Peer 1: 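Please see the structure below; I have some questions.
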There are 2 protein chains.
Amino acid sequence: MVDSASGQSSQALLFLTDEQLRKGIEAMFFAYRGFTADPDRILADMEYGRAHHRALHFIHRSPGTTVNNLLSILGVTKQSLNRVLRSLIEDGLVESRVGKQDKRERHLYLTDTGLVLERQLSDAQRDRMRSAYRSVGPAAVQGFRQVLEAMMDDDMRRHYESLKDKGA
Amino acid sequence: MVDSASGQSSQALLFLTDEQLRKGIEAMFFAYRGFTADPDRILADMEYGRAHHRALHFIHRSPGTTVNNLLSILGVTKQSLNRVLRSLIEDGLVESRVGKQDKRERHLYLTDTGLVLERQLSDAQRDRMRSAYRSVGPAAVQGFRQVLEAMMDDDMRRHYESLKDKGA
DNA sequence: TAAGATACGTCAGTCTTGTTGACATTCCAA
DNA sequence: TTGGAATGTCAACAAGACTGACGTATCTTA
């Protein structure tokens, strides 16, 4: 696992030891807690949870997206997403428009109120990310992104890439 | 750190734009799904969930840890952890020994059966991590770890560091 | 030694968020 | 035009988190 009968020095592969991999796993675990902590704190005061945050984020990112598309991005069942969407729509944060081409589809948009909350949540999350980025510099950030992308399932990477394009 | 009113071009700060930060947020989201997918698949066939996996992981990592310590690592309530521990102990995966110094404490250990399951779960999780690491190389991995560490809350970083030391 | 603090376990109840199952509507193609 | 597929909704349930209250054993300290 560490070497491989080639001329490669075993030193260069030390980052692939079980011990290093375990540390990476633990880093993911602890960091993800920090990653969600700030929005969670804001949401705790409302009747919303993390699921609402995720919906707001991706609707904001792809205005007019259909329920089905959102479903496959979030990786939950339509029934689960529906509960979240219903409350967001009832509260006037999200607007659901019947499709012009295909009337079975619903296209989702954030209302002005929805935009305000999305902004508040993502500001909090970006603040932490920004200060982490700033403290380690662009080279580390590039590595960070590379590893995360390599960890994704193919389906997720597809979604991720297609979101990336829109912003580029 | 990066710029600072010096002659640094604004190009060098492009990694701190809201757009780049959003991509980082999405990368975390999608990657975390991949991160938990493999163990989740294994656990789906049993009566256990992700919470059991986390307990097994950290008990394996710190044999003899107390309930209280595990509590603060996992960041859940004792009632929540207790449900998980009870089933693991009943099923003979975890052993709980009364403390020698302080008899109020319970020290937790994996049994042989517990070690087998922990190994199975962490193998699956490490496989994905290893292939990601290998595909991007050690420099990227270093950046990955740096960003994650910078994202943690101080409490979590404390736990993380103390686990690191044991393995070093 | 008595009083308070600490560590752990448990019961009961609630909330969020995931699940399946059943069903209505709409579209499309045989 | 009719049956199957796709889209979305409603209802019921389960896992896993939470709070609050309480009990017991043990330790520490006044």
Side-chain angles (χ1 to χ4, degrees), chain A residues 29 32-33 36-37 39-59 64-91 94-109 121, chain B residues 29 32-33 36-37 39-57 59 64-91 94-109:
Chain A
F29 173 73
Y32 199 81
R33 297 260 296 281
T36 57
D40 281 357
R41 249 189 300 277
I42 295 172
L43 290 162
D45 297 335
M46 326 188 177
E47 75 242 59
Y48 298 139
R50 204 177 287 176
H52 299 83
H53 178 198
R54 293 197 283 257
L56 291 175
H57 176 100
F58 287 107
I59 295 173
T65 185
T66 63
V67 173
N68 230 11
N69 183 48
L70 199 51
L71 231 46
S72 79
I73 287 178
L74 296 175
V76 297
T77 59
K78 60 182 178 172
Q79 295 90 331
S80 191
L81 176 58
N82 187 253
R83 191 189 319 107
V84 168
L85 282 181
R86 189 173 8 176
S87 65
L88 291 173
I89 291 169
E90 276 171 6
D91 298 349
V94 168
E95 190 187 352
S96 166
R97 298 183 203 152
V98 173
K100 289 230 165 95
Q101 326 272 329
D102 188 333
K103 290 178 187 164
R104 292 172 302 181
E105 295 180 338
R106 301 297 132 91
H107 297 275
L108 303 170
Y109 301 87
L121 294 171
Chain B
F29 173 72
Y32 199 80
R33 295 260 297 282
T36 56
D40 281 357
R41 249 189 300 278
I42 296 172
L43 291 162
D45 297 334
M46 327 188 176
E47 75 242 59
Y48 298 138
R50 203 177 289 176
H52 299 83
H53 179 196
R54 291 197 284 259
L56 290 176
H57 176 102
I59 295 172
T65 184
T66 63
V67 172
N68 237 5
N69 183 48
L70 198 50
L71 233 43
S72 81
I73 287 179
L74 295 175
V76 297
T77 59
K78 63 176 178 174
Q79 295 91 330
S80 197
L81 176 58
N82 187 253
R83 190 190 324 110
V84 168
L85 280 183
R86 189 170 14 179
S87 64
L88 290 174
I89 291 169
E90 276 172 7
D91 298 347
V94 168
E95 191 189 351
S96 168
R97 299 185 203 151
V98 172
K100 289 232 165 93
Q101 326 270 328
D102 187 334
K103 290 179 188 163
R104 293 171 305 179
E105 294 180 340
R106 300 297 132 89
H107 297 275
L108 303 170
Y109 300 87

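Worth saying up front: this structure is predicted, and the values here are computed from it rather than measured. The chains referred to below are lettered A, B, ... by the order of the sequence lines, with proteins before strands, and numbering in each begins at 1.
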Peer 1: Return the polar atom pairs (N/O with N/O) between nucleotides 23-26 of chain D and the protein under 3.5 Å, or none.
Peer 2:
| residue | atom | partner | partner atom | Å |
| --- | --- | --- | --- | --- |
| dT26(D) | O2 | Arg104(B) | NH1 | 3.4 |

Peer 1: Could you tell me how far apart Leu81(A) (CG) and dT9(D) (C1') are, to the nearest whole angstrom?
Peer 2: 12 Å
Peer 1: Side-chain donor-acceptor pairs under 3.5 Å in residues 73-82 of chain A, sequence neighbours left out?
Peer 2:
| residue | atom | partner | partner atom | Å |
| --- | --- | --- | --- | --- |
| Thr77(A) | OG1 | Ser80(A) | N | 3.3 |

Peer 1: Any non-hydrogen side-chain atom of Thr66(A) less than 4.5 Å from a side-chain atom of Leu71(A)?
Peer 2: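 A side-chain contact is absent here, since even the closest heavy-atom pair is not under 4.5 Å.
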Peer 1: Might you point out which heavy atoms bring Val98(A) and His107(A) nearest each other, and give the distance in Å?
Peer 2: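 Between these two residues, the closest heavy atoms are C-CD2, 4.5 Å.
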Peer 1: Should Leu85(A) and Ile59(A) count as side-chain neighbours, where that means a heavy-atom distance under 4.5 Å?
Peer 2: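 In contact.
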Peer 1: From the options dG8(D), dC8(C), dC18(D), select the nucleotide whose nearest atom is closest to the side chain of Glu105(B).
Peer 2: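 So the side chain of Glu105(B) is nearest to dC8(C).
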Peer 1: Decide side chain to side chain contact (heavy atoms under 4.5 Å, CB included) for Phe29(A) and Arg54(B); before the verdict, give the C-alpha distance in whole Å, the side-chain angles of both, and the deciding distance to 0.1 Å.
Peer 2: CA-CA 9 Å; Phe29(A) 173 73; Arg54(B) 291 197 284 259; 3.2 Å; yes
Peer 1: Between Asn68(A) and dA6(D), does any side-chain N or O lie under 4.0 Å from OP1 or OP2?
Peer 2: no
Peer 1: Let me know the distance between CG of Leu71(B) and P of dA17(D), rounded to the nearest Å.
Peer 2: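 My rounded result for the distance is 12 Å.
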Peer 1: Atom CG of Leu108(A) and atom C1' of dT7(D): how far apart are they, to the nearest Å?
Peer 2: 12 Å
Peer 1: Tell me: CG of Asp40(A) to C1' of dT16(C), nearest whole Å?
Peer 2: 11 Å
Peer 1: Taking the inter-plane angle between the rings of His52(A) and Tyr48(A) on a 0 to 90° scale, is it parallel (under 30°), tilted (30 to 60°) or perpendicular (over 60°)?
Peer 2: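 Ring orientation, 0 to 90° scale: tilted.
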Peer 1: Does the plane of the ring in Tyr32(B) sit parallel, tilted or perpendicular to the ring in Tyr32(A)? Use 30° and 60° as the thresholds.
Peer 2: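 Aromatic pair Tyr32(B)/Tyr32(A) classed parallel.
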Peer 1: I'd like to check Leu108(A) versus Glu95(A) (side-chain heavy atoms, cut-off strictly below 4.5 Å). Are they in contact?
Peer 2: no
Peer 1: Let me spell it out: for each of Leu85(B) and Ala51(A), pick the nucleotide of DNA chain C with the closest heavy atom. Which residue's pick is nearer the 5' end?
Peer 2: Leu85(B)
Peer 1: Quickly work out the Leu70(B) CG to dC8(C) C1' distance and round it to whole Å.
Peer 2: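 For the pair Leu70(B) CG and dC8(C) C1', the rounded distance is 13 Å.
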Peer 1: Check whether any side-chain heavy atom of Asp91(B) lies under 4.5 Å from a side-chain heavy atom of Glu47(B), and answer yes or no.
Peer 2: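 In contact.
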Peer 1: Under 4.0 Å between a side-chain N/O of Thr77(B) and OP1 or OP2 of dC18(D), yes or no?
Peer 2: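 So the side chain of Thr77(B) is within the cut-off, an N or O lying under 4.0 Å from OP1 or OP2 of dC18(D).
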Peer 1: Show the distances under 3.5 angstrom between N or O atoms of the protein and N or O atoms of nucleotides 10-15 of chain D.
Peer 2:
| residue | atom | partner | partner atom | Å |
| --- | --- | --- | --- | --- |
| dC10(D) | OP2 | Arg86(A) | NH1 | 3.3 |

Peer 1: Counting the atoms with a prime plus P, OP1 and OP2 as sugar-phosphate, which does His52(A) contact under 4.0 Å by heavy atoms, base, sugar-phosphate, or nothing?
Peer 2: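 If one applies the 4.0 Å heavy-atom cut-off, His52(A) turns out to touch the sugar-phosphate alone, with no base involved.
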